[in-house]
Amino acid sequence: MIRLLAVLLLSIPTLASAAAQAEPPAAPTQAAPSAAPVLPPGMKQYWFVMLKKGPQRDHPADEAQRLQAGHMANMQAYAERGILQIAGPMMDDGDIRGIFILDAPDRAGAEAMCNDDPAVQTGRLVCEIHPWLSQKGASLK
């Protein structure tokens with residue numbers, strides 16, 4: 001997890017440099033409000049999801065265990081569909097419990113994964129979703 005965070009933090013200057021060196025976008029045209037954003041060359045948009053402690057954390061141990069099993073099954077199903085790219089828990093007991101990086105076509109696709117999660121459905125977790133860029137073909141090493 002520490003390596004993941006280091007890779008994410010180290011990629012910020014690279015992303016900023018790539019964005020600064022990219023050709024300026026063409027003059028804006030009248031686009032539909034739902035038009036996809038113009039991405040810098042060589043970049044791909046993903047969805048960065050922070051799983052945070054939800055308002056309902058007082059589940060009995062057996063129910064919490066069942067919710068965790070459902071949470072893991074949901075992640076497995078989305079990974080098999082190619083949407084969940086990487087996930088993992090945080091190593092402390094803070095409010096952020098884990099992260100997802102999703103390759104979903106839009107925000108609604110990211111929201112759907114969260115809404116399908118039993119731990120989110122019961123309020124044990126909540127999702128905070130952000131659009132996130134990475135270089136095409138980037139991977140963890």
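- When side chains are defined from C-beta on, K44 does not count as touching Q135, because their heavy atoms never get closer than 4.5 Å.
- For the pair W132/I101, a side-chain contact is recorded, criterion being any heavy-atom separation below 4.5 Å from C-beta on.
- One distance of note links CE of M50 with CG of L125; it measures 13.5 Å at 0.5 Å rounding.
- The residue from H71, Q56, H59 that alone fulfils the side-chain contact (heavy atoms from CB on, under 4.5 Å) condition with R124 is H59.
- A distance of 8.5 Å separates CD in E111 from CH2 in W47, rounded to the nearest 0.5 Å.
- The side-chain heavy atoms of F48 and L102, taken from C-beta on, include no pair separated by under 4.5 Å.
- Atom CG of N74 and atom CG of D117 lie 4.5 Å apart (nearest 0.5 Å).
- Annotation for E63: atom CD counts as buried by contact number, over 12 foreign heavy atoms lying within 6.0 Å.
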Side-chain donor-acceptor contacts of residues 92-100 below 3.5 Å, not counting sequence neighbours, with atom names and distances?
residue: D92; atom: OD1; partner: G94; partner atom: N; Å: 3.2
residue: R97; atom: NH1; partner: D92; partner atom: O; Å: 3.1
residue: R97; atom: NH1; partner: G94; partner atom: O; Å: 3.2

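- Taking CG of L67 as the start and CG of D62 as the end, the distance is 9.5 Å to the nearest 0.5 Å.
- Between atom CE of residue M90 and atom CG of residue L51 there is a gap of 8.5 Å, rounded to the nearest 0.5 Å.
- V120 and C114 get closest at one heavy-atom pair: CB-O, 3.3 Å.
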Passes side-chain contact (heavy atoms from CB on, under 4.5 Å), D103 versus I83? Steps please. CA-CA 5 Å; D103 187 0; I83 294 172; 5.7 Å; no
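- Linking ILVMFWY residues whenever their side-chain heavy atoms come closer than 4.5 Å, directly or via other members, places V49 and Y78 in the same cluster.
- In terms of hydrophobic clustering, with Ile, Leu, Val, Met, Phe, Trp and Tyr side chains grouped at heavy-atom distances under 4.5 Å, M113 and V126 are assigned to different clusters.
- Remark: side-chain polar atoms of E128 are not paired, donor with acceptor, to backbone N or O of K52 under 3.5 angstrom.
- The two atoms that bring A104 and G109 nearest to each other are CB-C, 3.9 Å, heavy atoms only.
- Remark: R81 pairs with no residue by the salt bridge (Lys or Arg N to Asp or Glu O under 4.0 Å) rule, at least two apart or across chains.
- To the nearest 0.5 Å, atom CG of residue L84 and atom CD of residue Q76 are 9.0 Å apart.
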